[in-house]
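Structure first, then comments.
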Amino acid sequence: MQLSRLKELLARVYQRVPFYRRKMEEAGLKPEGIRQLEDIKYLPFTTKDDLRDNYPFGLFAVPMRRVVRLHASSGTTGKPTVVGYTRRDLALWAEMVARIVRMAGVGRGDVAQICFSYALFTGGFGLHAGLERVGSTVIPAAAGNTERHIRLMQDFGTTVLVGTPSYILHIAEVAQQMGVNPRQLRVRKALCGAEPWSEGLRAEIERVWGIEAYDNYGLSEIIGPGVAGECQERQGLHINEDHFLVEVIDPATGEPLPPGEQGELVFTTLTKEALPLLRYRTRDLSRLLPDPCPCGRTTRRMERVLGRTDDMLIVRGVNVFPSQIEEVIMGIPGLAPHYQIVVDRRGYLDEMEVQVELSQEGFTGSYEDLEELEEALRHRLHAILSLTPKVKLLEYGSLTRTTGKAKRVLDRRGEKT
Ligand code: DLL
């Protein structure tokens, strides 16, 4: 199925997207030249820069009058990338998200409160359509106005929360400030996605809410949410492979890596109409899990995303992902899951400071306890990173909370001092 869809896709983009025709001609390729799935390695990659260079609609494969929806990526740097959907693409999108929602055991009878923004960002509208599709009662509450979220949960009997893991955690904080115990609400599950998070953060969300939290992954360029999600085994995310062909490549050389090896995820949209992409480089690092899933589904699974290659910090030559630091923090009782990583340059040397809030219970008022916590954090960070960052403990509540994707890194190395 993948091969026949790939062939059809190649014929289509060759004919309709001048950018791809040119790229294929430059590579001396004709669509008919691709005879087996492995031949995909001969096809050109598509990058975020290609989308930017063809801003806004240059890579669309259908006339604008067939495009019924536009979204744009949450890109924080430079021009956003614009994505378009035909009517069929929207139906496919709802179907893909519906699968992920069902895999997590959510469906009819559930009251799902969406805490993603409804905007150019694909999170709100994407989850909304998929949840409606499976018959859940959907509350389009959107991101922000957090106190209202709590009241909606109380009044409407919300059973499922949908948002970024960092925001779902923050909602619990606000509930507590309002004197509401999150565990006493009817919420039983959370569908978390759109940003990297650690197992430790999952455990914390599950503890404060008294629920099960599921990971789901996607990106605007490929469709939005709905690319992959966890089943109830929660050992990796099943990829909707019949529509999104996955590869893992070495980010440095672009060479395909064998299953099981960690590298950059690359997706080819097999069936999308408005914006089909060949070998889109996601910059997300993960690996494919080679074993079959105990749940019985046969779609391939990917490991939770470690982070984006652009978020990877190289500090004194050591590669560091914020999610690795998060995992360390979450393993130390007394620290709160609110942190920021500040990277600076002193002279020729990089300096990294990990700033973490004390948990509400963690602050005893004793100076020795604080020193002990700092020492434990420094020690464990050193153990996994082989470098000793500065650490700074902050008062609970001092870091800014976000309602969307958390910003974990403050890189000041490019700034003049
Ligand atoms: O974040 C789509 C989405 C919305 C996915 C809601 C899941 C739920 P973008 O704004 O284009 O789209 O950002 C895509 O976010 O390349 C990853 O770096 C990151 N990302 C998304 N989901 C996860 C996840 C949406 N579960 C970028 N774990 C991607 C880690 C994730 N990173």
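Positions are given from 1, in the same order as the sequence printed here. Ligands are counted one by one from 1 in listed order, and the atoms in each one are counted from 1 as well.
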Heavy-atom nearest neighbour of atom 16 (O) of ligand 1 within options D284, L219, L306: D284
Residue pairs involving residues 120-145 (criterion side-chain hydrogen bond (donor to acceptor under 3.5 Å, both in side chains); sequence neighbours excluded): E95-R133, Y118-H128, H128-E132
Close approach of R304 to ligand 1, heavy atoms, under 4.0 angstrom: no
Nearest candidate to atom 5 (C) of ligand 1, where distance is taken over non-hydrogen atoms, out of G126, G404, G218: G218
Ligand-residue contact atoms, ligand 1 with F116, heavy atoms, under 4.0 Å: 6 (C), 8 (C)
Candidate pair Y167 and E195, rule side chain to side chain donor-acceptor pair (under 3.5 Å), full reasoning: CA-CA 11 Å; Y167 188 44; E195 65 183 5; over 6 Å; no
Contact atoms of ligand 1, heavy-atom distance to T122 under 4.0 Å: 2 (C), 12 (O)
Pairing of R207 and E204 as salt bridge, 4.0 angstrom limit: yes
Residue G123 vicinity, atoms of ligand 1 by number, heavy atom under 4.0 Å: 4 (C), 6 (C)
Salt bridge E230-R202, side-chain N to carboxylate O under 4.0 Å: yes
Short side-chain donor-acceptor distance under 3.5 Å, T46 and Y20: yes
Contact atoms of ligand 1, heavy-atom distance to S220 under 4.0 Å: 9 (P), 10 (O), 11 (O), 12 (O)
Enumerated ligand 1 atoms positioned under 4.0 Å from heavy atoms of K405: 1 (O), 9 (P), 10 (O), 13 (O), 14 (C), 15 (O), 25 (C), 27 (C)
Atom indices of ligand 1 within 4.0 angstrom of N216 heavy atoms, with elements: 7 (C), 8 (C), 22 (N), 24 (C), 26 (N)
Any side-chain heavy-atom pair of F57 and L70 under 4.5 Å: yes
Donor-acceptor contact present, side-chain R300 to main-chain E241, <3.5 Å: no
